[in-house]
Amino acid sequence: MRVIARDGVHEFEIQRSRFLCSLARVTDDEEAAAFIAAVRKEHWSATHNCSAFRVGPDGGSQRSSDDGEPAGTAGVPMLEVLVRRELTDTVAVVTRYFGGIKLGAGGLVRAYGRAVSEALDAVGTLRRARFATLEIAAEHAEAGRLDNALRAAGHRIADVGYGRQATFTVQVPVGETESFRAWLAEQTGGTVTATDGQLVDLDVPDPGCL
C-alpha cells in the first residue's frame, strides 16, 4: 500500500469550471469526515464538494460522495484513482466552481479522476512497508565501529542508547532479517547478536515516484 507524502491542494480549469483537489493524510473514518467537513466549510459557495477516502491497513474502509453531481460521475472515479494507486489513509475532496458550461457525464468522470490524479502527482506518494525491529547490544568499546558500519551499510537505526552496554534499535525489512543477522555476525566476528522486537509499518520512498 501507499500513502501521500504530504497534504496539498491542486487546481485546474476545464470549460471555465474550476476544480480544486484537496488531499490529506488521515487515520480513520472520523478524521476523513472532519477533513471533508472543513473543506466544505472553506468552500461553502462552491457548486460541489465531492469526496472519496480509503483508510486502514489495506484500504479496507472506503467511501465516496458525488455531492449533487450525477450519480457515479464524481466520487466513484475519485475513489477509483485511490484504489488504482493503491493508496490508504488518504482523503480527497474535489471542489468544483461551475463555469456555466456542462461537461456531460463522461466529461465529469474524466475531470474528477484527473483532479485526484494530478493532485497525487503533485504531492507525491510513499510506500508503506513492514519492518522487523531488532535490538542489538554491544560493548562500549565496539559501539563506535558498529554504529559506523550500520550507517555505512544503509541500515535504518531507530534508536541508540548507552547504559551498561550500547544498544541499537535497527529496523530491517521483513524478509531480510536473516541476511542482516549474517551481516552482523560478519561485522562483529559473531560476538554480537540481534534480538527480535515488534513488527512496525513504516512509510518509505516510493520507487515509482523517483
> Using side-chain heavy atoms (C-beta onward) and a distance below 4.5 Å, is L150 in contact with W183?
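In contact.
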> Please lay out, stage by stage, how V83 and Q62 fare under the test side-chain contact (heavy atoms from CB on, under 4.5 Å).
CA-CA 9 Å; V83 172; Q62 58 185 39; 4.0 Å; yes
> Just by modelled atom types, is the G56 backbone N or O under 3.5 Å from a matching donor or acceptor in the T88 side chain?
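Judged by distance alone, yes, a pair lies under 3.5 Å.
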> About how many Å separate CG of L79 and OG of S65, when rounded to the nearest 0.5 Å?
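Atom-to-atom, S65:OG and L79:CG are 11.5 Å apart.
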> Spell out, as yes or no, whether a donor-acceptor pair under 3.5 Å connects the side chain of E142 to the backbone of A138.
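A pair under 3.5 Å: no.
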> Hey, does S51 have a side-chain heavy atom less than 4.5 Å from the side chain of F35?
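F35 does not reach S51 side chain to side chain.
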> Given R114 and F19, is the side-chain contact (heavy atoms from CB on, under 4.5 Å) satisfied, shown in steps?
CA-CA 10 Å; R114 173 186 166 187; F19 290 85; over 6 Å; no
> Give a yes-or-no answer on whether the side chains of T133 and Q171 include a donor-acceptor pair shorter than 3.5 Å.
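No.
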> Starting from the C-alpha separation in whole Å, work towards a yes-or-no answer on salt bridge (Lys or Arg N to Asp or Glu O under 4.0 Å) for D58 and R128.
CA-CA 10 Å; D58 300 307; R128 180 159 290 173; over 6 Å; no
> Using 0.5 Å steps for rounding, measure from the CG atom of L146 to the CZ atom of F168.
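Atom-to-atom, L146:CG and F168:CZ are 4.5 Å apart.
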> Can you tell me if R6 uses its side chain to pair, donor with acceptor, with the backbone of G124 under 3.5 Å?
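Checked: no pair found.
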> Please check this pair: side chain of D66 against backbone of C50, looking for a donor-acceptor N/O pair closer than 3.5 Å.
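Not a single qualifying donor-acceptor pair exists.
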> With heavy-atom distances below 4.5 Å as the criterion, would you say the side chains of D201 and M1 are in contact?
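Answer no - side chains too far apart.
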> To the nearest 0.5 Å, what is the distance between CG (D29) and CZ (F53)?
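Between D29 CG and F53 CZ, I get 4.0 Å after rounding to 0.5 Å.
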> Please find the pair of heavy atoms, one from A132 and one from V174, that lie closest to each other, and give the distance.
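Scanning both residues, the minimum pair turns out to be N-CG2, 3.9 Å.
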> What closest approach, in Å, do A137 and V192 show between heavy atoms, and which atom pair accounts for it?
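Nearest pair, atom of A137 first, then V192: O-CG1, 3.6 Å.
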> If every non-hydrogen atom of I4 is compared with every non-hydrogen atom of A24, which pair is closest and at what distance?
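Minimum heavy-atom separation between I4 and A24: CD1-C, 3.5 Å.
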> Are I136 and I157 linked, directly or through intermediate hydrophobic residues, by side-chain heavy-atom contacts shorter than 4.5 Å (ILVMFWY only)?
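Both belong to a single hydrophobic cluster.
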> If hydrophobic clusters are built from ILVMFWY residues whose side chains come within less than 4.5 Å, do V160 and F180 share one?
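V160 clusters together with F180.
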> Run the side-chain contact (heavy atoms from CB on, under 4.5 Å) test on Y112 and V81 for me, step by step, so that the C-alpha distance in whole Å, both residues' side-chain angles and the decisive distance to 0.1 Å come before the verdict.
CA-CA 10 Å; Y112 281 98; V81 174; over 6 Å; no
> Could you grab the distance from atom CG of L120 to atom OG1 of T90, nearest 0.5 Å is fine?
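Reported to 0.5 Å precision, the distance equals 7.5 Å.
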> Can you hop from V94 to L82 via hydrophobic side chains spaced under 4.5 Å?
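Yes, V94 connects to L82 through the hydrophobic network.
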> If we ignore hydrogens and angles and just use 3.5 Å, is the side chain of T47 paired with the main-chain N or O of F98 as donor and acceptor?
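Checking the backbone N and O of F98 against the side chain of T47, a donor-acceptor pair under 3.5 Å is found.
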> Do you reckon V116 sits in the same ILVMFWY cluster as I36, going by side-chain contacts under 4.5 Å, direct or chained?
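No, separate clusters.
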> Check D206 with R85, please: is the shortest side-chain N to carboxylate O separation under 4.0 Å?
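Salt bridge flag = no for D206 with R85.
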> Do you know which two heavy atoms are closest between T169 and E135, and how far apart they sit?
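It is OG1-OE1, 2.9 Å.
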> Can you check whether T188's main-chain N or O pairs, donor with acceptor, with R145's side chain at less than 3.5 Å?
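Pair absent, no side-chain N/O of R145 close to backbone of T188.
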> Give the minimum heavy-atom separation between L108 and P70, together with the two atoms involved.
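The answer is CD1-CD, 3.7 Å.
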> Are R181 and L134 side-chain neighbours, meaning at least one heavy-atom pair lies under 4.5 Å?
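Counting from C-beta outward, R181 and L134 do come under 4.5 Å.
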> Hey, does the Lys NZ or Arg CZ of R156 hover above the aromatic six-ring of F131, less than 6.0 Å from the centre and inside 45° of the axis?
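Judged by the rule (NZ or CZ under 6.0 Å from the ring centre, within 45° of its axis), R156 counts as positioned above F131.
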> Please check if the side chain of D67 supplies one atom and the backbone of N49 the other of a donor-acceptor pair under 3.5 Å.
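Checking the backbone N and O of N49 against the side chain of D67, a donor-acceptor pair under 3.5 Å is found.
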> List the steps and the verdict of side-chain contact (heavy atoms from CB on, under 4.5 Å) for C21 and M78.
CA-CA 10 Å; C21 181; M78 291 169 62; 5.8 Å; no
> Identify the heavy atoms of D28 and E31 that sit nearest to each other, and give their distance.
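Taking D28 first and E31 second, the nearest heavy atoms are OD1-N, 2.8 Å.
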> Could you tell me how the ring of H140 sits relative to the ring of Y162: parallel (under 30°), tilted (30 to 60°) or perpendicular (over 60°)?
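Rings of H140 and Y162: parallel, as their planes differ by under 30°.
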> Measure the spacing between OG of S179 and CG of L184 and express it to the nearest 0.5 Å.
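It comes to 11.5 Å.
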> Pairs of donor and acceptor atoms involving the side chains of residues 8-15, under 3.5 Å and at least two apart or interchain, shall be tabulated with distances.
residue, atom, partner, partner atom, Å
H10, NE2, E118, OE1, 2.7
E11, OE2, R18, NE, 2.7
E11, OE2, R18, NH2, 3.2

> About how many Å separate CG of D203 and CG of L126, when rounded to the nearest 0.5 Å?
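These two atoms lie 5.5 Å from each other.
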> According to the salt bridge (charged side-chain N to carboxylate O under 4.0 Å, His left out) rule, which pairs have a member within residues 93-102, sequence neighbours left out?
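Output for this query lists E69-R96.
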> If we only count heavy atoms from C-beta on, is the S64 to E80 side-chain gap below 4.5 Å?
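S64 vs E80: side chains apart.
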